[in-house]
Trainee: 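Attaching a single structure in C-alpha cells format; questions to follow.
Scope of the values below: all heavy atoms of this structure, side chains included, with no hydrogens, waters or symmetry mates. Fair warning: this is a prediction, and the values are worked out from it, not measured in the lab. Residue numbers run from 1 in the order of the sequence given.
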Amino acid sequence: MLIPGVNEREIENIAERARRLKAKVMNIIPLIPNGKMINLQKPSCQVLEDIRKVCEKHIRQIRHCRQCRADAFGSLEEDKDIELELINNALAFDYCESV
C-alpha cells in the first residue's frame, strides 16, 4: 500500500526484493484514508503512476485495479468490472420495476 509521507521511498526496494523472491507481478494500491489513518493523505493518481513506473524496472505492475473491492471479478489478463457494472444496473432496474 502506498502511503504518501510514510513509505513511498521503500516501495522500489520492495519491488526489487519481490522480483528476487520470484514474484511475477506487483499491485501497488493507494491508501484509502480511514480509521486510524483518516488524517493521512491519499496519493494522487500521478504519484501512484510515477511509483509504478519506477517499480516496473524490477517487476510487472498491475494498473487496471483502482481500489481493493469485494465486488471485483475477472482475472489480471481480463478485467470484467464493466460487465459487473452492467449486470448490477440490470438487476437494480429489474428490482425497481418489480416493487
Side-chain angles (χ1 to χ4, degrees):
M1 177 183 306
L2 173 58
I3 307 171
V6 175
N7 70 348
E8 69 270 12
R9 293 181 185 180
E10 287 86 24
I11 303 265
E12 182 178 8
N13 292 334
I14 293 168
E16 184 179 12
R17 172 116 189 191
R19 179 192 49 79
R20 281 189 277 126
L21 293 171
K22 307 294 185 208
K24 302 292 183 203
V25 67
M26 181 178 189
N27 186 12
I28 303 169
I29 59 172
L31 169 73
I32 301 172
N34 201 347
K36 292 181 179 180
M37 297 184 175
I38 192 88
N39 295 321
L40 296 176
Q41 182 181 1
K42 179 179 178 177
S44 69
C45 292
Q46 188 60 56
V47 166
L48 183 60
E49 183 57 26
D50 291 347
I51 288 179
R52 285 175 174 163
K53 283 181 184 176
V54 168
C55 292
E56 198 165 45
K57 295 183 293 186
H58 307 288
I59 188 170
R60 192 179 99 187
Q61 297 295 304
I62 295 174
R63 286 190 166 78
H64 74 270
C65 292
R66 299 295 175 248
Q67 296 289 345
C68 282
R69 298 189 349 239
D71 64 348
F73 75 101
S75 66
L76 294 176
E77 292 78 29
E78 187 178 17
D79 185 9
K80 300 228 177 221
D81 284 347
I82 296 297
E83 287 91 336
L84 178 62
E85 190 172 328
L86 292 172
I87 290 167
N88 285 338
N89 287 340
L91 290 171
F93 179 79
D94 287 346
Y95 174 78
C96 289
E97 290 293 309
S98 69
V99 178

Trainee: Measure the CD1-SG distance between Ile11 and Cys55 for me, rounded to the nearest 0.5 Å.
Mentor: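 Atom-to-atom, Ile11:CD1 and Cys55:SG are 6.5 Å apart.
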Trainee: How many angstroms lie between CD in Gln61 and CD1 in Ile59, if you round to the nearest 0.5 Å?
Mentor: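 Output value for this atom pair is 7.0 Å.
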Trainee: For the CD atom on Gln41, are there more than 12 heavy atoms of other groups (residues, nucleotides or ligands in this structure) within a distance under 6.0 Å?
Mentor: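 Not more than 12 within 6.0 Å, no.
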Trainee: Determine whether Val6 and Met37 fall in the same hydrophobic cluster, where Ile, Leu, Val, Met, Phe, Trp and Tyr are linked whenever their side-chain heavy atoms lie under 4.5 Å apart.
Mentor: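 Hydrophobic grouping puts Val6 with Met37.
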Trainee: About how many Å separate CG of Leu40 and CD1 of Ile32, when rounded to the nearest 0.5 Å?
Mentor: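 The CD1 atom of Ile32 sits 13.0 Å away from the CG atom of Leu40.
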Trainee: Tell me, with the steps shown, if Ile29 and Met1 meet side chain to side chain contact (heavy atoms under 4.5 Å, CB included).
Mentor: CA-CA 5 Å; Ile29 59 172; Met1 177 183 306; 4.2 Å; yes
Trainee: Pairs in or reaching into residues 11-32: which pass salt bridge (Lys or Arg N to Asp or Glu O under 4.0 Å), with residues at least two apart or in two chains?
Mentor: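 Counting only pairs at least two positions apart or across chains, the salt bridge (Lys or Arg N to Asp or Glu O under 4.0 Å) contacts touching residues 11-32 are Glu12-Lys57.
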Trainee: Holding to side chain to side chain contact (heavy atoms under 4.5 Å, CB included), I want the full list of residues that pass it with Pro4, two or more places apart in sequence or in another chain.
Mentor: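 Side chain to side chain contact (heavy atoms under 4.5 Å, CB included) list for Pro4, sorted by chain: Pro43.
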Trainee: Quick one: pull up CG in Leu48 and CD in Glu8 and give me the separation to the nearest 0.5 Å.
Mentor: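 Between Leu48 CG and Glu8 CD, I get 12.0 Å after rounding to 0.5 Å.
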Trainee: Is any side-chain heavy atom of Leu2 closer than 4.5 Å to one of Leu31?
Mentor: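 Leu31 does not reach Leu2 side chain to side chain.
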Trainee: Can you measure from CZ (Arg52) to CE (Met26) and round to the nearest 0.5 angstrom?
Mentor: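 Those atoms lie 10.0 Å apart.
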Trainee: Quick one: pull up CG in Leu21 and CD1 in Ile14 and give me the separation to the nearest 0.5 Å.
Mentor: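 Separation between the atoms: 12.0 Å.
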